[in-house]
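Keep in mind that the numbers below use all heavy atoms, side chains included, and drop hydrogens, waters and symmetry copies.
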Number of protein chains: 2
Amino acid sequence: MCAESVNSQDIITADIVKKIDRLLSSKKKVTINDVADVADVSKKTVSRIINDSQNVKDETRKLVKEVIRLLHYTPDPQARALASRKSFLVGLVYDNPNAQYVVNMQMGILDYLRSNGRELVVHPCDRNNENLVDEIRDFVERQKLSGVILLPPLAEDKRLINLMIELDVPYVRITARRGNLTEPPLIGAQVISIDRVGCEAAGNHLARAGHKNIGYIGGNLLYPSAHERRAGFEAGLLSEGVKINPQFDEPGDYSFETGYLAALKILKQHNRPTAIIACNDEMAAGVYKAAYELNIAIPNELSVVGFDDAPLSARLTPPLTTVRLPTRDMGRNAAQMLVEIDNKGLVEMVFPSDLIVRGSTKGF
Amino acid sequence: MCAESVNSQDIITADIVKKIDRLLSSKKKVTINDVADVADVSKKTVSRIINDSQNVKDETRKLVKEVIRLLHYTPDPQARALASRKSFLVGLVYDNPNAQYVVNMQMGILDYLRSNGRELVVHPCDRNNENLVDEIRDFVERQKLSGVILLPPLAEDKRLINLMIELDVPYVRITARRGNLTEPPLIGAQVISIDRVGCEAAGNHLARAGHKNIGYIGGNLLYPSAHERRAGFEAGLLSEGVKINPQFDEPGDYSFETGYLAALKILKQHNRPTAIIACNDEMAAGVYKAAYELNIAIPNELSVVGFDDAPLSARLTPPLTTVRLPTRDMGRNAAQMLVEIDNKGLVEMVFPSDLIVRGSTKGF
DNA sequence: CTGAAAGCGCTTACAG
DNA sequence: CTGAAAGCGCTTACAG
């Protein structure tokens, strides 16, 4: 294969073409030295161009870029990492039980990183491991990560945030917006989901359908999401003058099991509610199980709402009305923030959630 | 912090301790040069020990290892990669719709890699992308991967297998055992799941429960798993003299939708079967939906069996009887094979699947 | 705007 | 069994 001889760029001389052809046919790896040699500049100049430095004459830049293209040169990431003490690896740190969420996030992050010559190194961990902080410190330092993305609930862990600051590594936290403004100001870059918006729509949807006797199964109150979602559901109901029935207001922890047990408790009572809001789809699936056992028909006798749009939710019978978070979009934007934005100061991006109405909710 | 002065190893002299203390308090990164200097050997010798070379005197090895320990030295992965043209990164290449499978596999792979100073770089891709091969070639070459793990169905892709051989990179394929021995001999290292075993148990379970009129919804026949599973189900039934009713033998493609449509078709007939075997849980969930709409009670009027033990399966009402693959174990062992075993020749590990009986199956 | 020199922290190839 | 030298492919720090 020879360098396209019909070259529109008259900056590429016959001499250069000859050099390129020789390199290409030698089958050896093309390095910065080859580019420098062919373009007749120093490798420092090539380095400047690779790293988007401004201090290069336009003409020089154009020539070098063309040579890079013709040689199919890509800089060696390990060599760059060694010299600059920064790798082109991004770490994804999480401890999360929801596989779909993790996979969607990975896809979104990679949507962006791919265009950027970076790779994603996954690092699931155990938030109850007492060596968590040291272990993550090792990970970041050894791999000289160019950035870290923290998923909830680890993104809320003060120890990890402090670690990122101590290591001076760019990081982006994926979090849910707190309604509670008495919280200390948020630290570092964040991609924030607003669980509240979709929940408000869901509450409104139920209230408008005529439901007045409404049960509630809460999320794990240690997570901001549980508070946010509740605030949203309540606001949506209240806009139509409806409140959660305190008689059927049960705690939960986002697990199928607590959803099931809470629903059993609620549904066994004689004036049982006509709708139950569960703080996530897992628990909503627990409500389905309880309803099934008690022979209560969804949606005819009971409407159910969840949160997450888990794969599960569309597979339930009837399919579950739920709230969706744009997880993949959030991942893509988190990666972009990490790479493009200097991490000093506050940076945030906000993503609302959406109500998805399916077959589990019905009016009278 | 000073090096433990009460040192049981009399090889560590006071002089060495002093040097170590000075290094540790300097806060600079500890390198191979420091280790060599403290142990009074060449850095080549330290390198031999890091890389488990045999040609080192026991005494020397012991001393150097102790110095490494006291200095908390860890070799720089990027420097090693640059010098040896091999990184300490393992690539996970897949194109798979099932999030739980991917996440379990990642966990298993990391179970092993963690103990090994290696990291996992994830690389989801699109098998219909015409640049697939070139794109993966770039990935492997640029990152100088020390190994690649291929998940199904990409693990069956001849183009990728040839690519791995061409690049001479160690690789392990995760595959399902084919029953068909006319297939060409299997290439390279493999971690093989035997879908057949669990399916046979499932078929047997149904037949022993007294089912004689049995419907079947197949998997995507492009994947070996679809054939394996069918062979297993049939063998299990046949051991009790039962066969799939050809009248209710429907194709499917592993999607919820095809499961649903096939089940509708089957269940609308007047002599409908008392049990349906679906080739995976997604399709089994489709059967639930169809049964619900047709007002057919599971398991009282219809038993259902799936495959995967997806998170979904335990959440369905009633919970689904299904077959489980030891995904995480497979991942751990794949990583171990990749790292420990020279990739020449055939190497395989086999993992059987298990029947998990839950509430969706019932006798008469 | 550009470059020569030194160095990042290892391993390779060779020698003894 | 051990080591001195060169080199992997880049960037840094400095100079002009």
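- In terms of the salt bridge (Lys or Arg N to Asp or Glu O under 4.0 Å) criterion, Lys43(B) has no residue partners (sequence neighbours excluded).
- Here Asn55(A) contributes atom CG and Thr60(A) contributes atom OG1; the two are 12.0 Å apart, rounded to the nearest 0.5 Å.
- Lys57(B) comes within contact range of the sugar-phosphate backbone alone, with a heavy-atom separation under 4.0 Å but no base atom that close.
- Each of Leu82(B) and Thr60(B) was assigned the nucleotide of DNA chain D with the nearest heavy atom; the assignment lying further toward the 5' end belongs to Thr60(B).
- Asp34(A) has no carboxylate O lying under 4.0 Å from a charged side-chain N of Lys29(A), or vice versa, which leaves the two without a salt bridge.
- Nucleic acid contact class of Phe88(A) (heavy atoms, under 4.0 Å, all strands): none.
- No donor-acceptor distance shorter than 3.5 angstrom exists from the side chain of Arg127(A) to the backbone of Cys125(A), with no hydrogens or angles considered.
- Along DNA chain C, read 5' to 3', the first and last nucleotides having any atom under 4.0 Å from a heavy atom of chain A are dC1(C) to dG9(C).
- Across Arg332(A), Glu340(A), Gln336(A), Arg118(A), a single residue satisfies side-chain hydrogen bond (donor to acceptor under 3.5 Å, both in side chains) together with Tyr112(A), and that is Glu340(A).
- A distance of 11.5 Å separates CG in Leu70(A) from CG in Leu23(A), rounded to the nearest 0.5 Å.
- Within 4.0 Å (heavy atoms only), Lys43(A) reaches at least one base atom of the nucleic acid.
- Listed by first residue number, the stems of DNA chain D with at least three Watson-Crick or G-U pairs below 3.5 Å are C:1-3 with D:14-16, C:5-12 with D:5-12, C:14-16 with D:1-3.
- Residue whose closest nucleotide on DNA chain D sits further toward the 5' end, between Asn55(B) and Ala83(B): Asn55(B).
- Note on Arg142(A) versus Glu119(B): no salt bridge recorded, every NZ/NE/NH1/NH2 to OD/OE distance being 4.0 Å or above.
- Side-chain atoms of Gln190(A) and Thr175(A) form a donor-acceptor pair, as typed in the model, at a separation below 3.5 Å.
- Within 4.0 Å of Asn33(B), counting heavy atoms only, lies no atom of the nucleic acid at all.
- Counting non-hydrogen atoms under 4.0 angstrom, Arg48(B) reaches a base of the nucleic acid.
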